[in-house]
Student: 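Structure provided below as structure tokens; questions to follow.
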Amino acid sequence: MSTGESAGVGAVADAGGWRPALSRSVMLRYDRVRGTDLLLMPERVVVLRGSAGAVLRLCDGRREVAAIVAELAERYPDASGASGASVATEVPEFLGRLREEGWIR
């Protein structure tokens with residue numbers, strides 16, 4: 001999971017009841033030309049790489065972070081990062097960085 005830009009060195013997202021959703025000014029779109037997902041914001045476009053788009057599609061404001069992690073772990077049972085990090089640690093960290101940027105609430 002990554003964006004085309006560094007989203008900072010954020011803290012792990014507070015998973016206790018947080019139901020992430022895209023901020024009001026942010027749209028998730030698939031770019032057929034580039035073959036990748038994009039976050040569209042006023043005067044800014046962020047290219048998403050890897051599974052970032054799949055994670056953000058689950059951020060609908062109804063699912064808690066734990067439910068998002070569980071869904072992704074079920075979809076991708078063999079998923080782990082190059083460092084051996086698991087979905088359970090990478091997803092909350094990723095969401096926390098996006099929250100710090102103001103791209104999700």
Side-chain angles (χ1 to χ4, degrees):
M1 257 166 303
S2 69
T3 60
E5 300 181 7
S6 171
V9 182
V12 174
D14 172 22
W18 178 35
R19 297 171 189 256
L22 292 176
S23 293
R24 296 177 204 268
S25 62
V26 178
M27 292 186 295
L28 176 63
R29 294 288 184 260
Y30 182 76
D31 182 353
R32 288 182 285 157
V33 174
R34 291 183 183 100
T36 192
D37 290 304
L38 305 172
L39 280 182
L40 305 176
M41 296 170 266
E43 300 184 26
R44 190 172 192 181
V45 175
V46 177
V47 178
L48 301 174
R49 297 197 177 115
S51 58
V55 173
L56 289 175
R57 280 190 180 77
L58 296 175
C59 295
D60 56 11
R62 295 187 307 256
R63 293 177 180 94
E64 292 183 2
V65 173
I68 292 169
V69 167
E71 173 75 22
L72 292 166
E74 186 176 306
R75 283 187 197 178
Y76 311 105
D78 297 328
S80 65
S83 64
S86 71
V87 171
T89 56
E90 284 187 346
V91 170
E93 289 173 358
F94 173 69
L95 294 175
R97 288 191 309 266
L98 296 188
R99 187 184 207 181
E100 286 178 359
E101 288 291 330
W103 301 345
I104 59 175
R105 52 185 164 83

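Index from 1, following the sequence.
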Student: Heavy atoms only: give me the nearest Arg63-Pro20 pair and the separation to one decimal.
Tutor: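 Smallest heavy-atom distance, with atoms named: O-CD, 3.5 Å.
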
Student: For Leu48 and Val55: C-alpha separation, side-chain torsions, deciding distance, then whether side-chain contact (heavy atoms from CB on, under 4.5 Å) applies.
Tutor: CA-CA 11 Å; Leu48 301 174; Val55 173; over 6 Å; no

Student: Can you spot which of Arg32, Arg57, Arg49, Arg29 makes a salt bridge (Lys or Arg N to Asp or Glu O under 4.0 Å) with Asp37?
Tutor: Arg57

Student: With rounding to the nearest 0.5 Å, note down the distance linking OG in Ser51 to CZ in Arg75.
Tutor: 10.5 Å

Student: Locate the shortest heavy-atom distance separating Ser23 from Gly102; write the atom from each residue and the value.
Tutor: OG-O, 2.7 Å

Student: What pairs with Arg62 under side chain to side chain contact (heavy atoms under 4.5 Å, CB included), at least two apart in sequence or on another chain?
Tutor: Asp60

Student: Has the side chain of Trp18 got a donor or acceptor atom that lies under 3.5 Å from a matching backbone atom of Arg105?
Tutor: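 Side chain of Trp18 to backbone of Arg105, a donor-acceptor pair under 3.5 Å: yes, one is there.
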
Student: Can Leu39 and Leu22 be said to form a side-chain contact (heavy atoms from CB on, under 4.5 Å), step by step?
Tutor: CA-CA 9 Å; Leu39 280 182; Leu22 292 176; 4.1 Å; yes

Student: Might you point out which heavy atoms bring Gly35 and Tyr30 nearest each other, and give the distance in Å?
Tutor: CA-OH, 3.2 Å

Student: Do you know the tightest heavy-atom contact between Pro42 and Ser25?
Tutor: CD-O, 3.4 Å

Student: Distance check, rounded to the nearest 0.5 Å: Leu98 atom CG versus Ile104 atom CD1?
Tutor: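 It is 5.0 Å, given to the nearest 0.5 Å.
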
Student: From Trp103 CH2 over to Leu28 CG, what is the distance, rounded to the nearest 0.5 angstrom?
Tutor: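 Here the interatomic distance stands at 12.5 Å.
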
Student: Would you call Arg97-Glu101 a salt bridge at under 4.0 Å N-O?
Tutor: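 Not counted as a salt bridge, because no side-chain N and carboxylate O are separated by less than 4.0 Å.
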
Student: On a heavy-atom basis, which atom in Val69 and which in Ala88 lie closest, and how many Å separate them?
Tutor: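 Smallest interatomic distance, heavy atoms only, reads CG1-CA, 3.7 Å.
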
Student: Please report the shortest heavy-atom distance between Cys59 and Leu95, naming the atom on each side.
Tutor: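 Looking at all heavy atoms of both residues, the closest pair is SG-CD2, 3.7 Å.
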
